[in-house]
Amino acid sequence: MKHVKLSDDIYYLGVNDRRTNLFENAWPLPNGVAYNSYLIVDEKVALIDTVEYGHMEDFLLKIEEILGQTPIDYLVVNHMEPDHSGAIKQIVNKYPDIEIVGNKKTFPMLEGFFGIEEGKKEVAEGDTLKLGKHELSFYMAPMVHWPETMVTYESTTKTLFSADAFGSFGTLDGGVFDDELNLDFYHDELRRYYSNIVGKYGNQTQKALAKLSTLEIKQIAATHGPVWRCHINYIMDKYQKWSKYEAEEDGVVIVFGSMYGNTEKMADHIARKLSEEGIKNIRIYDASKTHASYIISDIWKYNGLIIGSAAYNGGIFPPVGSLLDKLKNMYIKNRHLGIFGNSSWGGGGHRTLQKWAEELKLEPLGPKAEARCAPNTDDLALCEEIATEVANAIKNQN
Ligand code: FEO
């Protein structure tokens with residue numbers, strides 16, 4: 001196969017992972033994921049990031065096909081998470097004179113993960129590195145997604161090597177560039193990737209975006225997902241929105257935790273009332289069944305969120321509690337919130353939801369709706385009031 005190029009001298013070196021079930025051993029990969037690396041061939045040769053360990057052989061072969069016996073001069077490490085740093089040790093073994101380009105936070109991780117202490121070339125904000133006609137400059141992007149993360153800008157082709165930023169779940173099935181593939185496939189996977197992996201770091205992403213706004217960017221080469229060259233505004237706009245915790249559309253995610261269907265009945269009742277109030281995007285999720293990854297992604301998409309839980313041993317039903325922990329860790333905000341619960345014999349579900357909302361400074365709309373065992377007519381009427389208030393908040397926002 002011909003090598004894929006971003007320009008005459010910049011090669012795409014990505015690999016597709018269709019075997020791993022869980023990214024970071026935590027987030028489902030039904031559509032796989034791509035680990036992207038890039039090679040710039042000039043008077044000096046620079047490799048930008050590597051790939052995950054399990055895909056190293058293909059990766060090394062591709063490099064050899066392009067370079068033959070020519071050595072690599074620099075390995076730029078934008079990000080040390082092992083899905084990108086996994087092949088560093090083998091690269092260093094194969095090219096012992098290589099200089100590893102990173103910042104002061106990169107190198108302790110390089111030593112920690114791989115025991116590598118030699119061959120370091122430290123760069124700081126705005127530093128440049130001339131390869132020949134190509135020149136690289138480096139910008140720190142801490143916490144997008146780890147503290148050492150930086151991005152690298154190549155000024156001749158105006159290519160931004162952006163590490164995890166602007167990346168996506170989903171393999172690259174033939175098409176590599178955004179104009180070679182149907183982006184419909186990636187809409188949800190982009191948001192799921194952002195919300196699951198980077199979502200906690202909205203403020204830091206905002207800072208990185210402000211920094212990048214000073215650069216003229218013609219291509220974005222992320223470490224996952226498509227290379228952006230025709231839809232740069234699209235992906236920049238998405239990142240602006242997501243990192244500000246702004247929803248994409250009007251709609252309500254209803255999440256429930258229910259052991260025997262009584263709390264689920266309240267969720268269905270709320271959904272019907274929302275529909276009567278004119279809300280068209282309504283997604284109900286059973287927290288016991290759907291992985292939090294997908295629920296969180298839809299929470300990032302829609303501006304309404306209603307969560308209900310049964311009580312369980314005096315606290316919240318564990319699958320809902322696990323989701324609340326994740327959302328709290330991600331500092332979820334800017335959502336029209338409703339909560340409901342079922343006290344059964346001990347209570348604790350609604351109480352935990354109330355406390356969670358207070359901690360996140362989210363104000364639950366509507367009255368307290370907490371059934372005792374099976375919801376009665378009064379409980380369901382209270383659920384309707386919550387639905388109406390959330391629907392009104394959404395309508396009044398526009
Ligand atoms: Fe794709 Fe944070 O590594």
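When reading the values below, keep in mind they use all heavy atoms of this one structure, side chains included, and skip hydrogens, waters and symmetry mates. Just so you know, ligand 1 is whichever comes first in the structure, and atom 1 is the first atom listed for that ligand.
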Note to self: Can you confirm if the aromatic rings of H84 and H145 lie within a centre distance of less than 6.0 Å?
What the structure shows: no
Check: In D164, which N, O or S atom comes closest to atom 1 (Fe) of ligand 1?
Finding: OD1
Checklist line | Heteroatom N/O/S of H145 within less than 2.8 Å of atom 1 (Fe) of ligand 1 | finding: no
Next item on the list: Please check if the distance between the ring centroids of F23 and H224 is under 6.0 Å.
Entry: yes
Item checked: Minimum-distance N/O/S atom that H224 presents toward atom 1 (Fe) of ligand 1 -> NE2
Item checked: Proximal heteroatom of E81 relative to atom 2 (Fe) of ligand 1 (N/O/S) -> OE1
Next item on the list: Could you pull out the atom name of the N/O/S atom in D83 that is nearest atom 1 (Fe) of ligand 1?
Entry: OD2
Notebook entry, point to check: Would you call R351-E370 a salt bridge at under 4.0 Å N-O?
Noted result: no
Next item on the list: Could you tell me how the ring of W300 sits relative to the ring of Y245: parallel (under 30°), tilted (30 to 60°) or perpendicular (over 60°)?
Entry: tilted
Notebook entry, point to check: With a cut-off of 2.8 Å, does any N, O or S atom of H79 fall short of it relative to atom 1 (Fe) of ligand 1?
Noted result: no
Checklist line | Ring geometry between F166 and Y239 (parallel below 30°, tilted from 30 to 60°, perpendicular above 60°) | finding: tilted
